[in-house]
Amino acid sequence: MAVTRRRTYVPQEIEPKWQRTWVERGVMKAADASERRKFYNLVMFPYPSGDPTVGHMRNYVIGDLIARFKRMCGFEVLNPFGWDAFGLPAENAAKKRGNLHPRDWTLANIQSFRRQLEMIGILYDWDREVTACAPDYYRWTQWLFLLFFERGLAYREMAPVNWCPVDETVLANEQVINGYCWRHEDVLVEKRYLEQWFFRITDYADRLLNDLDLLPEWPERVVTMQRNWIGRSHGVEIDFPLDGRAEGLRVYTTRPDTIHGATFMVLAPEHPLLPSLTTEGQRAEIQAYLEASRHQTDIQRLSTEGGKTGVATGAYAINPMTRERIPIWVADYVLGSYGTGAIMAVPAHDERDFEFARRFGLPIRQVIAPSGGERIAQDRAFTSKEGVLVNSGGLTGLSCAEAFERIGAELESQGTGRRTKRYRLRDWLISRQRYWGAPIPIVHCPTCGLVPVPLDQLPVTLPAHYERLSEQPEWYETKCPVCGGGARRETDTMDTFMDSSWYFLRFTDAQNQERPFDPELANHWMPVDQYTGGVEHAILHLLYSRFFQKVLQDAGLLSEPEPFKRLFTQGMVTRFGAVMAKSKGNGVSPEELVQGQGADAGRVYEMFIGPPEDDVEWSDQGITGCTRFLHRYWRLALAPETIAVTSTGADAAALRRKVHQTIRKVTDDYEGFHFNTAVAALMELSNAMHEHLAAGGERGMGWEESVRSLSLLLHPMAPHITEEVWSEIGEGLCADASWPVFDAVAASESQVDLVVQVGGKRRDVLRVPPELPEPAALKQALASPAVVRAMADREPRRVVYVPGRLINLVP
RNA sequence: GCCGGGAUGGCGGAAUCGGUAGACGCGGCGGUCUCAAAAACCGUUGGGGGCAACCUCGUGCGGGUUCGACUCCCGCUCCCGGCACCA
């Protein structure tokens, strides 16, 4: 008998069947031409490691949930997937396992990863799959490089760069964390002076900063991190005359208002004027200082906190406001790479200058005083801008802001300075000296110089043989595309962040053989409506992608200024206190989950475990609550007759009310990413349904509505079990069904709890209509024995009444 | 050091335009079923007091505002994340 057969819920018996059905029916295929409103849902494409855990699956479950939910709400959903498949881990793994090729390792991982996604029921439009290491993808990455090159945004320059001695390649600034390599937390990055490729991201600094205002649906902290990373400051460049020389010394300061307090100057060790400024008497000491600082890594320079070092050059500059002669020092607390590499030091109003002046006995002169006239502490710098000028000649008495403008204007009219801005952001170093990346499509010709590879010769494919490109002459020896003479291919590859900076565009037109994408299709689908991924990409990937979007907008290929409309950053999953990973021995694999509790229970649990933006601790027994919930749902939907009637008095209107309250709650929670409370609401509904049956409730239309609604609301989280139930109670696929419609009338309560307080303390609860008028409420409250006792013959001096919530009698 | 986020039962967490603190779940306890156990199901579960109706304390700590504070304000402690000589 059919009923007997389906009395038990066995996830392994139904899950593969529905996974096949969804694929056969093309459930997640996105149509470019559709009557429906588009919704571009994207999860960050992963680097395909071999052993994904349920921790990794968390954001794919979130993405799948949103995609399924939006489809049911009537959107044409684009929900694609791909692989960030270039990069060093593949090379390192290949090296470790002998003669394995990075490509083979990567492609095997992709297969395994994809299988695990599929077995937990995650659907994508696989027709649009993108693989960064495939020639038909990196061909277009190279195409985009050449676009940047033509637009003057890619350049080659000798520069001191960050070098990771383990990976044997350079790193972008963004990939250096406190002086350590981002991939090896115990490996110090070295400084090397090399010729490298850069992207002029600093040209876009203002737009990258200003357009953050277009992103109200990004997490505040990500916006803040980007803002700080770009680090725009407004200041003034000032030329300080040098004593006894014609040329000046240019400095950058954000505090020109403190110029009367500038009692010395400091040059960075790299400053070009340093050798010519150094006097004979100081030369030996300066040489020794430079020698010492050159051998220091960044981390060592940073660790000199609490003890700044420096040497006087013997030269002097003239303070243009006070006409004083002030000494010029060299110190490595001034960076050669920021501003002009030289500063005016105002020890009274800058902590670093203060510390330096204290150490070397240089004069400290206060020129700003708190506006309130308070005395300032003598043992530290007064750095507030809320003050007025003192000891500042004709400017004395002005506020800091007024003085900034006045001095700026004065210097500009004299031609000795100008107001300007600076950024912390540096140009993006994109070249890497390894094998497993997209080759930079440039040819070095001894006669023609840097020659871009013609577009019709793309892609410049990687040689089949796995070895550093610069070691493979048979690959890099070529002919110049312009003059035909002997030439050499660029042997650097591109940073993998290049691949991920535009993949979301390729998804809109993944099969295009003529161009990276058709602008019309890209503009149809873009921007990404919902982007979900880890916070670890808050700066790097998201900043680079925004940069690409803007460059392509300038090139006329895109119309939107920003690629990602709404961003969600999910937390990590830990187990036994550490981030879940196969290598740490604390991972739970998708296979284990599917074979144990089933994909649906795992998905529901991942959503229920905690707020999705928080890190959460996986609990092996915590999941049982979700398993029980699914079993209960199964029994309610398919075998309600097995639930024992233990009382009478079922209320059909109450059930219907609960159903509609749940529709509203779950819909709002899905929209607002409160998946944990959505699960709780569905559990509540199933509890109410169970009580309804236990109280002898009938199983007519109201009951059916509750089963259908619960199935639809649960489907995005637990698609297999709901699909199986739907095949018994509904038409077509549950995945294709429409989202339930909320009925406000059905959801409204005729009677609500009214809390009665006496002096702010809860004394009783009354069942009353929600809009009960105050006099009636007061009358009922005063009739309550508990209230009579608490009032103790006193009269209410005051009554606070909030209809539908509480009445508070204040004696 | 600076910026941001947080602290609620045994545990994960709900509830923040100020209005029943602890939804939902885990675990615990008691029970049904069973030869027994598991599973499932039912009941119960913040602390203290009381036979009970009830009373009382309780959202990191100390103050304050309010009829009423997990929620707002002031001052702390601790935890997490980001940045860290950017002039």
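Below, each value reflects all heavy atoms present in this structure, side chains not excepted, and no hydrogens, waters or symmetry copies. First the proteins, then the strands, lettered A, B, ... as listed; each starts at 1.
Aromatic rings from A:Phe629 and A:Tyr633 are positioned such that their centres are separated by 6.0 Å or more.
Across all strands shown, A:Arg426 has heavy atoms under 4.0 Å from base atoms, whether or not it also approaches the sugar-phosphate. Within the 4.0 angstrom heavy-atom criterion, only backbone atoms of the sugar-phosphate kind lie near A:Ser233; the bases stay farther away. Among the atoms of the strands shown, only primed sugar atoms or phosphate atoms (P, OP1, OP2) are found under 4.0 Å from some heavy atom of A:His690. Among the atoms of the strands shown, base atoms are found under 4.0 Å from some heavy atom of A:Asp753. Contacts of A:Asn687 with the nucleic acid, taken as non-hydrogen atoms under 4.0 Å apart, involve only primed sugar atoms and P, OP1 or OP2. Within 4.0 Å (heavy atoms only), A:Arg805 reaches sugar-phosphate atoms of the nucleic acid but no base atom. Base engagement by A:Leu806 is indicated by at least one non-hydrogen atom pair under 4.0 Å involving a base atom. Within the nucleic acid shown, A:Gly610 has no heavy atom closer than 4.0 Å to any nucleic acid atom. Residue contacts shown for A:Ser337 are absent, as no nucleic acid heavy atom lies under 4.0 Å away. Residue A:Arg798 is classed as a base contact, given a heavy-atom separation below 4.0 Å to a base. Within the nucleic acid shown, A:Arg628 comes within 4.0 Å of sugar-phosphate atoms alone, with no base atom in reach, counting heavy atoms only. Using a 4.0 Å heavy-atom cutoff across all strands shown, A:Gln757 reaches at least one base atom of the nucleic acid. At the heavy-atom level, A:Val810 lies under 4.0 Å from the strands shown only through sugar-phosphate atoms.
Taking only side-chain atoms of A:Met225, from C-beta outward, the nucleotide of B:G82, B:G25, B:G13 with the closest atom is B:G82. Nearest nucleotide to the side chain of A:Glu684, out of B:C26, B:C3, B:A23: B:A23. Nearest to the side chain of A:Thr254, among B:G19, B:A23, B:A87, sits B:A87. Side-chain atoms of A:Gln621 lie closest to B:G27 of the nucleotides B:G27, B:C83, B:A87. Among the nucleotides B:C26, B:C85, B:A23, the one closest to any side-chain atom of A:Lys308 is B:C85. Among the nucleotides B:U20, B:C41, B:A87, the one closest to the side chain of A:Val755 is B:U20.
Judged by the 6.0 Å and 45° rule, A:Lys308 forms a cation-pi pair with A:Tyr333.
For the pair A:Tyr338 and A:Lys761, nearest-nucleotide mapping onto RNA chain B gives the more 5' position to A:Lys761. Position along RNA chain B of the nearest nucleotide to A:Asn228 versus A:Arg632 favours A:Asn228 as the more 5'-ward residue.
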Does the salt bridge (Lys or Arg N to Asp or Glu O under 4.0 Å) test come out yes or no for A:Arg657 and A:Glu749, once each step is laid out?
CA-CA 7 Å; A:Arg657 195 182 305 133; A:Glu749 302 272 1; 3.3 Å; yes
Step by step, work out the salt bridge (Lys or Arg N to Asp or Glu O under 4.0 Å) result for A:Arg767 and A:Asp753.
CA-CA 5 Å; A:Arg767 284 299 285 178; A:Asp753 287 340; 3.0 Å; yes
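The separation between A:Arg762 atom CZ and B:G18 atom P is 22 Å, rounded to whole Å. When rounded to the nearest whole Å, the span between OH of A:Tyr605 and P of B:C24 equals 18 Å. Nucleotide B:G1 holds its C1' atom 14 Å from the CG atom of A:Asp350, rounded to whole Å. Atom OH in A:Tyr9 sits roughly 18 Å away from atom P in B:A39 (whole-Å rounding). Taking atom CG of A:Asn808 as the reference point, atom P of B:C67 lies 10 Å away to the nearest angstrom. Atom CG of A:Leu682 is separated from atom P of B:A14 by 16 Å (rounded to the nearest Å). In this structure, A:Leu754 atom CG and B:G19 atom C1' are separated by 11 Å, rounded to whole Å. Between the CD atom of A:Gln597 and the C1' atom of B:A39 there is a distance of 13 Å, rounded to whole Å.
Nucleotide B:G58: unpaired (no Watson-Crick or G-U wobble partner with both distances less than 3.5 Å). Pairing for B:A7 goes to B:U77, judged as Watson-Crick or G-U wobble with the two contacts each under 3.5 Å. Judged by Watson-Crick or G-U wobble contacts below 3.5 Å, the nucleotide B:U66 has no partner. Across all strands shown, nothing is found opposite B:A52 as a Watson-Crick or G-U wobble partner with both distances under 3.5 Å. In this structure, B:C2 and B:G82 make a Watson-Crick or G-U wobble pair, each of the two defining distances being under 3.5 angstrom. With a 3.5 Å ceiling on both atom-pair distances, the Watson-Crick or G-U wobble partner of B:G43 is B:C29.
For the P atoms, the distance linking B:G68 with B:U56 amounts to 16 Å, nearest Å. For B:C67 and B:U20, the C1' atoms lie 16 Å apart once the distance is rounded to whole Å. Here, B:C55 and B:G22 have their P atoms 16 Å apart, quoted to the whole Å. Atom P of B:C3 sits at a distance of 13 Å from the matching atom of B:C76, rounded to the whole Å. Spacing between B:A21 and B:C54 at atom P, rounded to whole Å, works out to 16 Å. Distance noted for atom P between B:A38 and B:C29: 11 Å (whole Å). One C1' atom belongs to B:G25, the other to B:G75, and the distance between them is 38 Å to the nearest Å. Atom C1' of B:C11 sits at a distance of 37 Å from the matching atom of B:A84, rounded to the whole Å.
A salt bridge is defined here as a Lys NZ or Arg NE, NH1 or NH2 lying under 4.0 Å from an Asp or Glu carboxylate O, and A:Lys665 with A:Asp669 meets this definition. Between A:Asp764 and A:Arg789 there is no salt bridge, since no side-chain nitrogen of the basic residue lies less than 4.0 Å from a carboxylate oxygen of the acidic one. Between A:Arg419 and A:Glu237, no side-chain nitrogen of the basic residue sits less than 4.0 Å from a carboxylate oxygen of the acidic one, so the salt-bridge criterion is not met.
Taking the syn range as angles within 90° of 0, the glycosidic angle of B:G9 is syn.
Here A:Arg227 does not reach the OP1 or OP2 of B:C3: none of its side-chain N or O atoms lies under 4.0 Å away. For A:Asn676 and B:A14, the shortest distance from a side-chain N or O to OP1 or OP2 is below 4.0 Å.
For A:Asp239, the salt bridge (charged side-chain N to carboxylate O under 4.0 Å, His left out) criterion is met by A:Arg250, not counting sequence neighbours.
Ring geometry for A:Trp329 versus A:Phe360: interplanar angle of 30 to 60°, hence tilted.
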